[in-house]
Amino acid sequence: MYARVHAFVVQTKDGTVALASAFSGQKQAIKDRDHKFLRKAVEEAYKGVDCEDGGPFGAVIVFNDEVVASSHNMVLRNNDPTAHAEVTAIREACKKLKQIELSDCEIYASCEPCPMCFGAIHLSRVKRLVYGAKAEAAIAIGFDDFIADALRGTGVYQKAHLEIKRADGKEAIFAEEVFEKTKEKFRLY
């Protein structure tokens, strides 16, 4: 079975010829929808700053064209460095939908997600991410450029003041055994 596509040749004022299809209306509808939900995420960012909960970041999770969760950065309010807008919205959506997989959802973020938020988005299986500002906008007002560097693979991780060491010997083996010993008891998804 083949889909029928209606295409129209359009000649513009300057004489150029363009091909317009029925899909152009659909693309515009998607763009308008994206802008609508992105605007809500940006409004959340303003809200978070106004009530002094955290930095200017907002996120909205959408399921079937309805906002399921809407949040802003809550780092200062919760004294929790992981309470970024995206993570907080994911937590809220999972509770509301009573599931840990959000594969039928989309997330709209006011800014390009940091590696932690991107990891949470990935782990929640969100099907689509739309963000507004680039990480450089956050960097310009003082947020760590480690975030953009990590996202783009351009940074050297020595910027972090964190020693990372894998345990060795019996303790490493003991830690690895938990996976083998629990694989029959634990079901992922």
Side-chain angles (χ1 to χ4, degrees), residues 23-51 53-141 143-155 157 160 179 182-183 186-189:
F23 291 121
S24 64
Q26 183 181 12
K27 287 180 184 177
Q28 185 61 45
I30 292 169
K31 185 176 179 180
D32 292 346
R33 181 180 172 278
D34 285 351
H35 289 174
K36 171 183 147 184
F37 291 123
L38 184 58
R39 182 167 291 280
K40 289 183 183 292
V42 172
E43 289 168 0
E44 273 292 334
Y46 279 113
K47 181 178 165 185
V49 171
D50 289 345
C51 60
D53 285 344
F57 303 96
V60 172
I61 295 183
V62 175
F63 173 70
N64 286 339
D65 283 339
E66 296 291 326
V67 173
V68 174
S70 182
S71 190
H72 53 267
N73 184 292
M74 303 285 280
V75 168
L76 299 176
R77 174 180 221 165
N78 296 348
N79 292 315
D80 178 358
T82 69
H84 291 197
E86 297 91 337
V87 172
T88 305
I90 288 168
R91 289 173 180 159
E92 187 180 319
C94 288
K95 283 180 188 175
K96 191 170 186 179
L97 296 173
K98 296 181 171 111
Q99 60 191 42
I100 61 170
E101 186 177 292
L102 302 174
S103 59
D104 292 328
C105 298
E106 299 165 291
I107 188 165
Y108 293 83
S110 62
C111 186
E112 186 174 10
C114 73
M116 177 186 71
C117 292
F118 184 76
I121 290 165
H122 173 74
L123 290 173
S124 69
R125 308 286 193 257
V126 168
K127 69 179 178 182
R128 188 164 178 260
L129 160 67
V130 177
Y131 70 88
K134 285 186 165 190
E136 284 79 8
I139 293 165
I141 65 166
F143 285 89
D144 193 346
D145 64 349
F146 169 77
I147 292 170
D149 287 346
L151 280 169
R152 295 186 180 96
T154 57
Y157 291 95
F179 297 100
T182 63
K183 71 181 181 185
F186 179 75
R187 188 183 62 125
L188 187 62
Y189 305 101

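Position 1 is the first residue of the sequence; numbering continues from there.
Nearest heavy atom pair, residue Ser110 against residue Phe57, reads OG-CA, 3.4 Å. Taking each heavy atom of Ala109 and Leu38 in turn, the nearest pair found is O-CD1, 3.2 Å. Across all non-hydrogen atoms, the minimal contact from His72 to Cys51 is NE2-SG, 4.0 Å. Smallest separation of non-hydrogen atoms from Pro56 and Ile141: CG-CD1, 4.1 Å. Of all heavy-atom pairs between Arg33 and Arg128, the closest is NH1-NH1, 4.1 Å. Taking both residues in full, the closest heavy atoms of Arg91 and Ala83 are given as NH1-CA, 4.4 Å, listed atom of the first, atom of the second, then distance.
Panel note: side chain Asn73, backbone Val75; a donor-acceptor pair is recorded below 3.5 Å. Between the side chain of Glu101 and the backbone N or O of Ser103 there is no donor-acceptor pair closer than 3.5 Å. In this structure, Glu44 contributes its side chain and Gly58 its backbone to no donor-acceptor pair below 3.5 Å.
Rounding to the nearest 0.5 Å gives a distance of 9.5 Å between CD of Glu86 and OG of Ser71. Taken from OG in Ser124 to CD1 in Ile100, the straight-line distance is 10.0 Å, to the nearest 0.5 Å. One distance of note links SG of Cys117 with CD of Glu112; it measures 11.5 Å at 0.5 Å rounding. Taken from NZ in Lys27 to CG in Asp32, the straight-line distance is 14.0 Å, to the nearest 0.5 Å.
Evaluated for a side chain to side chain contact (heavy atoms under 4.5 Å, CB included) with Ile121, the options Ile90, Val87, Ile61 yield exactly one hit, Ile90. The only option from Ile107, Val62, Asp34 that meets the side chain to side chain contact (heavy atoms under 4.5 Å, CB included) definition with Val130 turns out to be Asp34.
A salt bridge between Asp65 and Lys36 is absent, with no side-chain N of the basic residue lying under 4.0 Å from a carboxylate O of the acidic one. Using a cut-off of 4.0 Å between Lys/Arg side-chain N and Asp/Glu carboxylate O, Lys40 and Glu43 are scored as not salt-bridged.
By the neighbour-count criterion of 12 heavy atoms within 6.0 Å, atom NZ of Lys127 is densely surrounded, having more than that number from other residues, nucleotides or ligands. The 12-atom threshold is not exceeded at CZ of Arg77, counting heavy atoms of other residues, nucleotides or ligands nearer than 6.0 Å. No more than 12 heavy atoms of other residues, nucleotides or ligands sit less than 6.0 Å from atom CZ of Arg39.
His35 has its side chain out of reach of Tyr108: every pair of non-hydrogen atoms, C-beta onward, lies at least 4.5 Å apart.
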